[in-house]
Amino acid sequence: MNEPKTRAARRAATAQRILEAAQAEFGEHGREGTTVRAIAQRAQVDPSLVIQHYGTKNDLFAIAIQLPGESTDDNVADHLADVLDVRLGELPPETRALARSMLTTPEAAKAMRDFLNERVTNLARASKHADADLEAALTVSSILGLTIARHFLKLDALAEISEQQIEKTVRPWLTATWDRDAKA
């Protein structure tokens with residue numbers, strides 16, 4: 001990898017390395033179990049650089065748990081299948097950090113709630129049903145539950161799930177409500 005040449009480029013690369021290290025640490029240990037020193041060690045920088053770039057550990061945590069937005073395609077069932085693939089695969093570090101911390105850290109709970117409420121709103125817009133908000137909330141909650149059960153609780157039945165099982169059982173179960181819209 002080429003080393004950035006300008007001072008601004010080196011600074012940006014260091015900030016990115018710190019952010020990635022923080023996401024990994026928060027994902028493994030949660031906010032409370034992570035230290036600035038551990039983040040710095042993982043990023044291979046002095047701890048003072050972590051503070052210089054991001055302020056406090058809490059400020060860095062708030063940035064590290066920001067999830068990218070997702071758009072809901074016209075074909076909701078296909079969109080949900082794509083989301084399911086991501087959630088059953090290796091979790092992005094910001095998702096892992098947020099999910100691990102959401103039950104113990106108010107900032108993480110708020111960030112997750114805001115993210116999920118946005119997902120519910122977007123998904124509900126794609127439905128013609130009177131109970132669209134409820135159906136969307138159940139779908140989003142199911143995906144969250146699958147994510148937690150597979151990656152954090154390591155539920156046996158989900159640990160070694162095959163692509164064939166996902167295709168045959170999980171996707172039809174998750175998309176049943178949304179498939180009926182497509183057929184209507």
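Among all heavy-atom pairs drawn from T104 and P106, the shortest one is O-CD, 4.0 Å. Residue A38 comes nearest to E25 through the heavy atom pair CB-OE1, 3.6 Å, listed as atom of the first residue, atom of the second, then distance. Pairing each heavy atom of A124 with each of A136, the nearest pair is N-CB, 3.7 Å. Closest approach of V120 to D133, counting heavy atoms only: CG1-O, 3.8 Å. Taking both residues in full, the closest heavy atoms of P93 and A24 are given as CB-N, 4.3 Å, listed atom of the first, atom of the second, then distance. For the pair R37 and P47, the tightest heavy-atom approach, listed with the atom from each and the gap, is NH1-CG, 4.1 Å.
Taking CD1 of I65 as the start and CG of L60 as the end, the distance is 10.5 Å to the nearest 0.5 Å. Here the CG-CZ distance, from L49 to R11, works out to 8.5 Å after rounding to the nearest 0.5 Å. To the nearest 0.5 Å, atom CD1 of residue I63 and atom CD of residue E94 are 13.0 Å apart. Separation of atoms CG (L116) and CZ (R113) is listed at 9.5 Å; rounding is to 0.5 Å. For the atom pair I51 CD1 and I39 CD1, the distance stands at 8.5 Å (nearest 0.5 Å). Taken to the nearest 0.5 Å, the NZ atom of K57 stands 7.0 Å off from the OG1 atom of T35.
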- Going through the distances and angles, do V83 and L174 end up as a side chain to side chain contact (heavy atoms under 4.5 Å, CB included)? CA-CA 11 Å; V83 170; L174 185 66; over 6 Å; no
(message) What verdict does the side chain to side chain contact (heavy atoms under 4.5 Å, CB included) test give for R150 and R87, after you've listed the backbone C-alpha separation in whole Å, the side-chain angles of each residue and the deciding distance to 0.1 Å?
(response) CA-CA 9 Å; R150 178 173 168 91; R87 297 300 180 248; over 6 Å; no
*Derivation of the side chain to side chain contact (heavy atoms under 4.5 Å, CB included) call for V45 and R17*: CA-CA 9 Å; V45 299; R17 211 167 59 243; 3.3 Å; yes
Test side chain to side chain contact (heavy atoms under 4.5 Å, CB included) applied to I148 and M102, step by step: CA-CA 11 Å; I148 291 169; M102 71 183 177; 3.3 Å; yes
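Checked by atom type and distance alone, the side chain of S141 pairs as donor or acceptor with a backbone atom of A137 at under 3.5 Å.
Under the 4.5 Å side-chain heavy-atom criterion for ILVMFWY residues, no single connected hydrophobic cluster contains both L138 and L144. Taking hydrophobic clusters as Ile, Leu, Val, Met, Phe, Trp and Tyr residues chained together by side-chain heavy-atom distances below 4.5 Å, L134 does not share a cluster with I143. Cluster annotation: V140 is connected to L103 through the hydrophobic network of ILVMFWY side chains, with a link wherever side-chain heavy atoms come within less than 4.5 Å.
Side-chain contact between L153 and L158 is absent, with no heavy atoms from C-beta onward closer than 4.5 Å. Between M112 and L98 the shortest side-chain heavy-atom distance falls below 4.5 Å. Proximity of R31 to E107: side-chain heavy atoms (C-beta onward) are separated by under 4.5 Å at one or more points.
Residue-environment remark: CD (Q165) exceeds the threshold of 12 foreign heavy atoms within 6.0 Å. Within 6.0 Å of the CD atom in E163, the count of heavy atoms belonging to other residues, nucleotides or ligands exceeds 12.
Residues R96 and E28 are not paired through a salt bridge, judged by the lack of any N-O separation under 4.0 Å between the basic side chain and the carboxylate.
Residue pairs satisfying the ring-ring contact (aromatic ring centres under 6.0 Å, His included) criterion with at least one member in residues 21-61, sequence neighbours excluded, are listed as follows: F26-F61. Residue pairs meeting the ring-ring contact (aromatic ring centres under 6.0 Å, His included) criterion with at least one partner in residues 139-172, sequence neighbours excluded, do not occur; the list is empty.
Side chains of E118 and T121: no donor on one and acceptor on the other come within 3.5 Å. Side-chain N/O atoms of T56 and N58 include no donor and acceptor closer than 3.5 Å.
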